[in-house]
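Structure first, then comments.
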Amino acid sequence: METPSLPGYFRVSGAGALYPRRITRAEMRILFLHVDYLEYEVKEKAVKGLPDLPKEARHGRAEEALVCFISAEKRDEANPIGAAKAAAASIEDVAGQVRTRRVVLYPYSHLSSSLASPDRAQELLAALEKDLRARGYDVTASPFGYYKSFKVAVKGHPLSELSREIVAEAAAEAKEELSDAIKAEAKLRSDWLVLDTKGEAHPLSIKDGSVAGFDFKGHDNLRRFASYEMMKTREVKEEPPHVRLMRDLELVDYEPGSDPGNLRYYPKGRLIKGLIEEHVSQRTREYGAMEVESPVMYDFEHPALKSYLNRFPARQYVVQTPNKKTFLRFSACFGQFLIMKDMVISYKQLPLSLYELTRYSFRAEQRGELAGLRRLRAFTMPDCHALCADVEQAKTQFMVRFEVAWKLLEDCGFSMPDDFEVGMRVTEAFWRDHRDFVTAYAKRWGKPILLEKWSEQFFYFTLKYEFNFVDANDKAAALSTDQIDTENAKRFGITFTDEKGAKRTPLILHLSPSGAIERVMYGLLEKAAADAKAGRPPMLPVWLSPTQVRIVPVSADQLDDARSILSRLDGVRADLDDTSDTLAKKIRTAEKDWVPYVAVIGRKEVESGKINVRVRGTTKQGEMTVDALRSRIASETKDRPFRPLAEPKFLSMRPIFRG
RNA sequence: GCCGCAGUGGCUUAGUGGUAGAGCGGCGCCUUGGUAAGGCGCAGGUCGGGGGUUCAAUUCCCCCCUGCGGCUCCA
């Protein structure tokens with residue numbers, strides 16, 4: 001599998017998504033070792049197209065030297081000469097400190113999180129070698145692009161082990177040395193538009209620090225989303241409200257004992273997450289996808305995955321097994337593609353979908369990017385790939401799946417489409433040939449959408465949408481997403497037999513019907529926080545409320561009656577506050593727990609045989625029978641999965657997970 | 001990953017170069033209460049971890065961990 005060579009851009013698959021990634025932070029890295037000796041031996045080629053080395057060049061040894069393990073980084077590509085100059089100065093500095101005139105240059109790609117292309121790296125190393133010789137050093141250059149073994153004896157003094165990161169300066173020089181990467185990146189033009197429901201496209205631009213080109217009146221979230229996408233504006237600087245909520249409600253918490261972005265779920269959080277997971281999987285199966293399960297880790301050396309991953313090693317969690325190096329999946333793409341390539345498929349069976357709920361998918365996101373439930377390193381993503389015979393079938397199926405995603409988020413408690421903004425990414429060619437389809441999509445969505453149009457297809461898809469939740473801090477998070485992938489079937493060798501008996505390559509749709517489950521929770525909590533801020537009672541949908549009914553006896557005299565009422569509420573998550581708190585205190589506790597129905601049992605209720613129900617957020621109470629409450633909840637939770645209470649039904653029996 | 005800020009009993013926090021106080025929560029006793037905190041008492045702290053400076057460090061310095069904000073990035 002060969003991905004289009006596109007330095008400066010970079011593939012990420014999330015429900016298989018692919019995004020541009022501008023590399024600006026990486027620098028050349030050097031690890032210095034002051035050694036008694038270093039000895040190396042060339043094993044085999046690591047980079048294709050290199051000549052076989054003559055025998056005398058296959059090993060080398062240097063005594064009493066400063067060894068420099070070097071990786072050239074993406075950033076250096078723009079200016080290899082400047083980078084080499086900066087590196088030479090740094091090496092001279094260190095060599096001076098350890099008082100040696102002998103230097104070993106040892107290309108060592110493992111230092112890098114974002115490796116430069118081999119060509120550029122070689123250019124840089126050659127320049128560096130030349131520069132150092134010019135400064136009068138005795139330079140040993142170990143060959144580039146081969147796997148080597150080495151022996152080394154490091155001196156013990158304090159300066160014997162140092163590492164540096166070096167950035168070339170000389171901006172003027174950089175311009176002349178523009179790399180192919182920069183040129184390629186410059187060639188990719190991205191235009192921003194708003195496409196309204198009538199099919200009219202409004203080109204956007206940035207004027208005076210805000211997005212212009214469309215009248216955003218009545219579409220404030222779309223304005224904020226466009227601004228987020230186009231300018232990365234940050235108007236608010238607070239902790240996202242859902243973080244406090246997820247902890248205060250004892251749902252989810254950070255786990256300092258793990259890696260950042262790997263969370264712990266308390267019983268109530270696990271309950272909610274499990275219910276959403278069940279519902280998403282159920283609905284996706286009903287849509288017609290066949291559920292499968294695939295491994296969480298994959299061989300770095302697998303031919304279909306290798307070149308892809310070597311390019312972006314920093315993105316993956318790496319796991320060393322007893323005999324190979326593997327990476328943890330960042331979506332179900334690999335697993336499903338590897339299954340699909342071995343399947344025997346007829347056109348009669350298309351469209352054909354596989355589905356998996358990945359618990360977990362892993363992405364080693366940068367530390368500063370992590371945030372509560374919005375952005376994680378380990379997350380649960382439903383991922384559903386459909387093979388389609390041709391673009392017409394893909395378009396039809398795309399909309400079938402759109403309805404699945406829409407309904408799912410609606411079921412989870414979101415208002416559709418009010419709570420989301422569509423981001424649509426499309427290639428110029430697809431836009432030209434299928435503009436009617438994109439317009440029909442906007443019409444179906446029911447409000448204007450943000451369109452990013454790419455001049456060329458650099459990524460594996462021609463069309464992609466996301467439903468973006470825009471939160472109180474003006475940050476956008478994508479939930480549901482689907483794409484039309486024109487490349488991966490070929491890359492993975494997935495085929496079907498057509499009417500004429502010929503092998504053909506299908507298109508692949510990549511759907512995450514709800515987006516990451518954690519993000520669904522994030523959205524629900526953010527929505528609740530927004531309600532609270534607006535003076536409305538924050539709550540979760542009844543089917544997701546950890547406690548649906550709280551029975552509160554006025555005094556201990558009614559405990560027995562309360563227990564019998566509790567026993568009549570089977571099929572409902574009902575619990576009983578059997579503490580010795582006062583009534584007011586027990587009501588307060590129930591309100592803090594966001595319990596939608598609080599049933600008070602006192603002497604009056606025992607006599608009347610009815611219960612007094614306080615409905616969440618209102619101070620209004622109403623008399624009703626137990627059966628009436630039961631059927632009310634049944635109708636509110638119809639067609640949703642059910643799980644019993646996650647904790648003991650008597651509050652006095654519950655431990656506290658978090659103050 | 002980079003820059004800045006933060007970390008004090010389960011939670012929220014006060015405070016200090018001479019080893020810490022409060023509220024909530026917990027436990028006990030009293031209270032038997034009609035819709036968002038009843039009363040009294042008790043227990044609970046290696047002041048995130050490691051190193052350094054100092055007669056003495058929770059306090060000052062360095063490194064690390066975790067979190068927050070920004071950058072970058074993105075599902």
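Since the structure is predicted, the reported quantities are computational estimates derived from the model, not experimental observations. Order of the sequence lines sets the chain letters (A, B, ...), proteins ahead of strands, with each chain counted from 1.
Using atom C1' as the reference point in both B/G69 and B/G9, the two lie 28 Å apart (nearest Å). Comparing the C1' positions of B/G21 and B/U59 gives a spacing of 16 Å, expressed to the nearest Å. Annotation: B/U58 and B/G51 have their P atoms spaced 12 Å apart (nearest Å). On the C1' atoms, B/G7 is 12 Å away from B/U13, given to the nearest whole Å. Comparing B/G45 with B/C29, their P atoms sit 23 Å apart, to the nearest whole Å.
Atom CD1 of A/Ile656 is separated from atom P of B/U12 by 14 Å (rounded to the nearest Å). Across the protein-nucleic acid pair, A/Arg550 atom CZ and B/G34 atom P stand 20 Å apart, rounded to whole Å. Distance, A/Asp581 CG to B/C30 C1': 14 Å, rounded to whole Å. Taking atom CZ of A/Arg654 as the reference point, atom C1' of B/C27 lies 20 Å away to the nearest angstrom. As a whole-Å value, the separation of A/Leu583 CG from B/G34 P is 7 Å. Spacing between atom CE of A/Met653 and atom P of B/C27 amounts to 12 Å, rounded to whole angstrom units. Following rounding to the nearest Å, A/Lys585 (NZ) and B/G34 (P) show an atom-to-atom distance of 16 Å. Between the CZ atom of A/Arg247 and the P atom of B/U66 there is a distance of 14 Å, rounded to whole Å.
Judged by Watson-Crick or G-U wobble contacts below 3.5 Å, the nucleotide B/U72 has no partner. B/U53 makes up no base pair with any nucleotide shown, lacking Watson-Crick or G-U wobble contacts both under 3.5 Å. When Watson-Crick and G-U wobble pairs are counted only if both distances are under 3.5 Å, B/U19 pairs with no nucleotide at all. The nucleotide B/U59 finds no pairing partner, because no Watson-Crick or G-U wobble arrangement with both distances shorter than 3.5 Å includes it. Across every strand in view, B/G7 sits in a pair with B/C65 that passes the Watson-Crick or G-U test at under 3.5 angstrom. With both pairing distances under 3.5 Å, B/A14 is matched to nothing as a Watson-Crick or G-U wobble pair. Across every strand in view, B/U32 sits unpaired, with no contact that passes the Watson-Crick or G-U test at under 3.5 angstrom. Nucleotide B/A43 forms no Watson-Crick or G-U wobble pair with any nucleotide shown, as no partner meets the under 3.5 Å limit on both distances.
Taking every side-chain heavy atom of A/Arg375 into account, B/C74 is the closest of B/G34, B/C74, B/A37. In this structure, the nucleotide among B/G26, B/A37, B/G33 sitting nearest to the side chain of A/Ala584 is B/A37. Among the nucleotides B/G70, B/A36, B/U72, the one closest to any side-chain atom of A/Gln366 is B/U72. Nearest nucleotide to the side chain of A/Arg658, out of B/G1, B/C74, B/U12: B/U12. In this structure, of B/G38, B/U35, B/C68, it is B/C68 that holds the atom nearest to the side chain of A/Val243. Of the candidates B/G70, B/U35, B/G67, the closest approach to any side-chain atom of A/Pro260 belongs to B/G67. Side chain of A/Asn612, nearest nucleotide from B/G34, B/U66, B/G33: B/G34. Closest to the side chain of A/Tyr228, out of B/C73, B/G34, B/G38, is B/C73. In this structure, the nucleotide among B/U35, B/U72, B/C11 sitting nearest to the side chain of A/Glu369 is B/U72. Comparing B/G70, B/U66, B/U31 by their nearest atom to the side chain of A/Ser580 picks out B/U31.
Put simply, the side chain of A/Glu365 and the base of B/G1 share no donor and acceptor less than 3.5 Å apart.
A/Phe327 and A/Phe334 have their aromatic ring centers within a separation under 6.0 angstrom. Annotation: A/Phe467 is in aromatic contact with A/Phe402 [ring centroid separation under 6.0 Å].
For the pairing with A/Glu369, the salt bridge (charged side-chain N to carboxylate O under 4.0 Å, His left out) check across A/Arg377, A/Lys475, A/Arg375, A/Arg374 returns one residue only, A/Arg375. Checking each of A/Tyr287, A/Phe414, A/Trp445 against A/Trp406 for a ring pair (Phe, Tyr, Trp, His ring centres under 6.0 Å) leaves exactly one that passes, namely A/Trp445.
In summary, the side chains of A/Glu466 and A/Asn468 do present a donor paired with an acceptor at a separation below 3.5 Å, with no hydrogens or angles considered.
In this structure, A/Glu229 reaches neither bases nor backbone, as no heavy-atom distance under 4.0 Å exists between it and the strands shown. Residue A/Lys586 is out of contact with every strand shown, counting any heavy-atom pair closer than 4.0 Å. Within 4.0 Å (heavy atoms only), A/Arg374 reaches no atom of the nucleic acid at all. At the heavy-atom level, A/Gly515 lies nowhere under 4.0 Å from the strands shown. Residue A/Gly423 is classed as having no contact, given no heavy-atom separation below 4.0 Å to the nucleic acid. Within 4.0 Å (heavy atoms only), A/Pro655 reaches no atom of the nucleic acid at all.
The aromatic rings of A/Phe362 and A/Tyr317 sit perpendicular to each other, their planes meeting at more than 60°, with 30° as the lower class boundary.
A/Lys268 approaches A/Ala646 most closely through the heavy-atom pair N-CB, 4.2 Å. Minimum heavy-atom separation, A/Asn262 to A/Glu255: O-CB, 3.6 Å.
At least one side-chain heavy atom of A/Thr380 sits under 4.5 Å from a side-chain heavy atom of A/Tyr360.
Remark on RNA chain B: of its neighbouring residues A/Lys592 and A/Asn468, the 5'-side contact belongs to A/Lys592, judged by nearest-heavy-atom nucleotide. In this structure, A/Leu370 and A/Phe657 both approach RNA chain B, and ranking their closest nucleotides by distance from the 5' end singles out A/Phe657.
Taking only side-chain nitrogens and oxygens, A/Arg367 comes nearer than 4.0 Å to OP1 or OP2 of B/U66. A/Thr582 has a side-chain polar atom (N or O) that falls below the 4.0 Å cut-off from OP1 or OP2 of B/G38. Contact between the side-chain N/O atoms of A/Arg244 and the OP1/OP2 oxygens of B/C11 is not found at any separation under 4.0 Å.
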